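Below you'll find the structure, written out as structure tokens, and then a few comments.
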Amino acid sequence: MKASSKKATSRKRKTFYITTPIYYVNDVPHIGHAYTTIAADVLARYKRLRGYDTFFLTGTDEHGQKVQQAASKKGLDPQTHADRMVAAFKELWKRLTISNSDFVRTTEERHKRVVQEVLRRLQETHVLYTASYEGWYCLPDERFWADDEVVEGKCPECGRPVERISESNYFFKMSAYRDRLRRHIRRHSGFIQPESRRNEVLGFLERPLEDLCISRPRARLAWGIPFPFDPDYVTYVWVDALVNYISVPGYGTDKRRFAKWWPADVHLVGKDILTTHAVYWSTLLMALGLDLPKTLFAHGWWTVDGEKMSKSRGNVVDPNAMAAEYGTDAFRYFLLREVPFGQDGDFSKPAITARYNSELANDLGNLFSRTLTMIERYAGGVVPEPHPKGVKAEDRRMVELAKSLYRTVGSEMDRFAFHRALREIWALVDFANRYVERSAPWDLAKEPRNRVRLDVVLYHLAETLRILAVYLFPFMPTTAQRMTTELGWATSLEQALKPQDFQWGRLKPGRPVQKGKPLFPRIELPQTLPERETAAPATPSKESVMELTRTEPSFISIDEFRKLDLRVGRIVTAEKITGADKLLKLSVDIGTETRQVVAGIATKYAPDLLIGKSVVLVANLKPAVIRGIESQGMILAAGDKTVEALATFIEPVEPGTRVK
Ligand code: MSP
């Protein structure tokens, strides 16, 4: 009896509940919305893959002044406006292959009922009171600010003008929870992440905490959830919205379901809405007697080409357009590879193109297509049998590396370090590329006596690619599916992937492979930089400039020199390039963006030595593809045939500074 009940408990699957913020429907989705949702999707897929019973929630925040205003601008009632916007969000999530378990709309009955129940419970526990309040109100942010918080008549958060408003409202005794919240944050080091954000919240809580105004008079704002015990008021939109995290998993309606999912494992949010989550939400949960979520993770913001993204600047990045141009998977990959999760980053087309061409088309795509071509050509198109007689140390090293990913990728994912998890995965991609070069199957195929060895090499490549597909599945689900299908393995990764699939040796010999189109067709770059389109008669023709250079080879005019855009660049990463002894692949920070540069300095400098060094970068040099890798500029060094010394600076100097 005892034994069987023990067994029943141990068989219970581990659960994972992850949420995104629910997005305002005042406008169509942009890259910021896509970012959080993609990150949440990657984690949800990863956890499912590791065997967790996963619940992934996203949705829309539809009440409040912002939405009401956006609707009336369009001459629509708020519900019709919201319905249209929601369609845009849902379509985008489909296009970005988001695997959410549910989609909540705050205008749904199932949600509204729970918000009212929450208000009733708060009222019953005497943590609400009414008071007349006078304060500075920021209309776009829907927030009151105290006298000492307002900066010269402007909202301290968004910088827009605030209005003086006086009205009677319901308040939540948030101030009473300050010490408990501080203790909770101190005791649970993983509660608010990254650590810098945790310190910010603790800093915020050094000051006295005010009570929270949680109602809006209906006369001023009708578009909200009515207070259940006072028809003159609607619920403050933030309280309404935060409750989604518990209304959907069944708070107040389905005890068992709620117990299964709550507390949430992760609320992913942007850095701008951390306070509302860390302080408002936590204290509300305390008042309701509920556990706090295990982790609040605040990510950074994207700028675009070095500038703040805004409608007025006209530089808002449409995720639909990016998915159309680069493909959904490449867009997903770029967002998580380019910037450490938690830090701000910059989005630009050159940056996504560079990663696409070098890491996806070249490193991964080529490895995959070469392997399949070789299996077709040298093994009759079926996965060959790896006879133990043909196995060498090199193969074992690759197997070891593939196995070690379970731990290395796992620990990076647990820390939300997506970029590092991808780096770990790429260590295997790079190894496999070197392995192809070193084992040279094309040479083995020339001699029939090398058959056993050739089969071993091809099997190891195919199995490595299958394992890579499993690790890549959370990041690039469509690509991973294509890879495994073409390798003749599982048919539906979405349904069939199991934790055991991380293990070496699951690809069965004898299955036919089927090579398709390239995974990531290269993006061809324009051959020349756009030339200034000036038809001024004084502009010398190309021929006459050449003529000039021939007769006066040693001089250029100052105007010609000024055409050079020389910048201070700081080397952020440096790595060797497979099969090119003299070359290093560098990423160079030039203040507004990071450039990928291929430099012929590998014989002189070890990669590690270069990190953090300031160099001179020719920033407007025509991009060139060197060994399949795009180089977006050139760094200067002394030396004629061989590099003698890199040009650098005596004083520390900011990346991006012009060199003249
Ligand atoms: N409705 C609230 C959230 C309520 S959650 C209970 C809201 N919605 S929002 O649509 O304005 O913003 C959603 C998310 O987009 C936020 O996490 C915000 O950080 C994120 N981003 C908005 N602009 C962004 C960038 N430029 N870059 C990255 N994320 C950005 O706030």
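Just the heavy atoms: all of them, side chains too, but no hydrogens, waters or symmetry mates, feed the values below. Quantities reported herein were computed from a predicted structural model and do not represent experimental measurements. Ligands are counted one by one from 1 in listed order, and the atoms in each one are counted from 1 as well.
The side-chain hydrogen bond (donor to acceptor under 3.5 Å, both in side chains) analysis of residues 262-272, with sequence neighbours excluded, yields the pairs T19-H267, D265-K294, H267-W281, K271-D344, D272-W301.
We find the CG-OG distance between D232 and S168 to be 9.5 Å, quoted to the nearest 0.5 Å.
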Intermediate values then yes/no, ring pair (Phe, Tyr, Trp, His ring centres under 6.0 Å), F56 and W261: CA-CA 10 Å; F56 166 21; W261 297 115; over 10 Å; no
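A cation-pi arrangement, defined by a distance under 6.0 Å to the six-membered ring centre and an angle within 45 degrees of its axis, is absent between R220 and Y233.
In terms of the side-chain hydrogen bond (donor to acceptor under 3.5 Å, both in side chains) criterion, R182 has no residue partners (sequence neighbours excluded). By the side-chain hydrogen bond (donor to acceptor under 3.5 Å, both in side chains) test, H63 is found to be paired with D240, residues two or more places apart in sequence or in another chain being considered.
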Could you pull out every N or O of ligand 1 that sits under 3.5 Å from a protein N or O, with the distance for each pair?
| residue | atom | partner | partner atom | Å |
| --- | --- | --- | --- | --- |
| ligand 1 | 1 (N) | I22 | O | 2.8 |
| ligand 1 | 1 (N) | D61 | OD2 | 2.7 |
| ligand 1 | 10 (O) | Y24 | N | 3.2 |
| ligand 1 | 10 (O) | H33 | NE2 | 3.2 |
| ligand 1 | 17 (O) | G270 | N | 2.9 |
| ligand 1 | 19 (O) | D272 | OD1 | 2.4 |
| ligand 1 | 19 (O) | W301 | NE1 | 3.1 |
| ligand 1 | 26 (N) | W302 | O | 3.2 |
| ligand 1 | 27 (N) | W302 | N | 2.9 |

